[in-house]
Amino acid sequence: MRRGVAVRRMEGAAWTEPAAPLRLVARELSPPTVSSPAWLTRQVDRVVAASSLVPMTPLLDIRAFPWTCALRGRVAEIAHEASAGRSVEPRAHPLTAALLGVIPGLVSARFVPIEPGVHAMARPKAGRMVLTCHLGLVIPREGDLRLRVGKRTVRWAEGETLMFDETQADAWWNDGDRAGLVLALRVRRPLRQPGRWLADRLLRAN
């Protein structure tokens, strides 16, 4: 028996809560985890793909996210707060917290060190409702700090942002002898209905 959830694009139409099949997916996958049944995860990803307002590519054009410009413009100050403070929680620092406060759909934020000599595999992710943004804060010039996303390998750069689908990132490296530091943000993927409704339900439950 083939499992499926019908998805309709709702362009300009009044939105009402979806019928039973989609509510069933939301209930059985709340909260979403990497151990959730594969068929349920696929159905959620299908709804997300049909509802996404940005491409479903592993790497996304940063120009589709204008709020990243403010982060790049204050990168030196964010890096100073991260280096001077003892907390890896960005909201503990006043300037960084203010900048985070205006990011639409922010799910989480943290300062992430990239230790020298590391070659790490990315942890499995539960779904494609969330995108990841990295802002390079401290990136040693003599090292080679890189991230594999899908079939491409990209490199962090100081003061630059990367936006990517976290389910497609599988490994990162630091081949230098100095640590790097990035501000890692998880934000909701911009969605129309019914994907927005489903994401709201699942992310609230998580």
Side-chain angles (χ1 to χ4, degrees), residues 52-123 125-150 152-191 199 203:
S52 184
L53 295 171
V54 295
M56 295 295 290
T57 52
L59 288 162
L60 290 97
D61 189 338
I62 206 68
R63 291 173 295 184
F65 304 90
W67 50 264
T68 60
C69 184
L71 297 177
R72 292 190 296 274
R74 309 295 293 271
V75 65
E77 295 155 283
I78 298 171
H80 175 74
E81 284 191 336
S83 301
R86 296 183 178 181
S87 175
V88 298
E89 169 54 60
R91 292 183 179 90
H93 306 283
L95 171 68
T96 306
L99 292 169
L100 296 180
V102 297
I103 296 177
L106 181 66
V107 175
S108 66
R110 62 193 179 106
F111 295 123
V112 178
I114 309 170
E115 300 297 340
V118 72
H119 175 195
M121 304 303 293
R123 296 177 180 177
K125 303 300 189 301
R128 307 185 73 179
M129 300 172 294
V130 173
L131 298 172
T132 298
C133 177
H134 281 182
L135 171 68
L137 298 177
V138 179
I139 308 298
R141 292 184 179 181
E142 66 275 13
D144 187 7
L145 282 69
R146 61 196 189 278
L147 171 72
R148 188 167 62 221
V149 183
R152 291 184 58 186
T153 298
V154 294
R155 286 166 171 79
W156 285 286
E158 206 162 287
E160 298 298 329
T161 41
L162 291 172
M163 182 72 70
F164 56 93
D165 181 337
E166 64 179 4
T167 68
Q168 305 299 304
D170 60 6
W172 67 90
W173 298 262
N174 179 357
D175 290 335
D177 56 7
R178 294 177 55 205
L181 181 66
V182 300
L183 173 61
L185 310 176
R186 297 174 74 242
V187 298
R188 293 190 181 202
R189 178 186 288 274
L191 298 169
L203 291 172

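The analysis underlying the following values was restricted to heavy atoms, covering all of them including side chains, and did not include hydrogens, waters or symmetry mates.
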Heavy-atom pair of closest approach, residues Leu191 and Ala199: CD1-CB, 3.8 Å
pair Leu185-Leu100: side-chain heavy atoms closer than 4.5 Å: yes
Nearest-0.5 Å distance, CE of residue Met121 to CG of residue Asp170: 5.0 Å
Over 12 foreign heavy atoms within 6.0 Å of CZ, Arg110: no
Straight-line distance of Asp177 CG to Glu115 CD, nearest 0.5 Å: 12.5 Å
Euclidean distance, Phe164 CZ relative to Leu59 CG, rounded to 0.5 Å: 8.0 Å
Plane angle bin for His93 and Phe111 - parallel if under 30°, tilted between 30 and 60°, otherwise perpendicular: tilted
Atom pair CZ (Arg91) and OG (Ser108), whose distance is rounded to the nearest 0.5 Å: 7.5 Å
Within-4.5 Å side-chain heavy-atom neighbours: Arg178 and Pro116: no
Side-chain heavy-atom pair Leu99, Glu77 within 4.5 angstrom cut-off: no
Heavy-atom check, side chain of Leu203 versus side chain of Val130, under 4.5 Å: yes
Check: Met56 main-chain N/O paired with Arg128 side-chain donor or acceptor under 3.5 Å: yes
Heavy-atom closest pair, residues Leu137 and Ala82: CD1-CB, 4.3 Å
Beyond-backbone contact of Arg189 with Asp165, side-chain heavy atoms, under 4.5 angstrom: yes
Distance (rounded to the nearest 0.5 Å) between Arg146 CZ and Trp172 CH2: 13.5 Å
Gap between atom NE2 of His134 and atom CG of Leu147 - 0.5 Å precision: 7.0 Å
Student check: side-chain heavy atoms of Arg188 and Met129 closer than 4.5 Å: no
Minimum-distance pair of heavy atoms, taken over all atoms of Val182 and Ile114: CG1-CD1, 3.9 Å
Contact check, side chains of Glu81 and Pro90, non-hydrogen atoms, under 4.5 Å: no
Smallest separation among heavy atoms of Ala184 and Val112, with atom names: CB-CG2, 3.7 Å
N/O donor-acceptor pair under 3.5 Å between Gln168 side chain and Gly150 backbone: no
Smallest separation among heavy atoms of Gly136 and Val75, with atom names: O-CG2, 3.5 Å
side-chain contact (heavy atoms from CB on, under 4.5 Å) between Asp144 and Arg155, worked out: CA-CA 7 Å; Asp144 187 7; Arg155 286 166 171 79; 2.8 Å; yes
Trace of the side-chain contact (heavy atoms from CB on, under 4.5 Å) decision for Ile62 with Arg72: CA-CA 11 Å; Ile62 206 68; Arg72 292 190 296 274; 3.7 Å; yes
Shortest non-hydrogen separation from Thr68 to Thr161 and the atoms involved: CB-OG1, 4.1 Å
Non-hydrogen side-chain atoms of Leu131 and Pro190 separated by less than 4.5 Å: yes
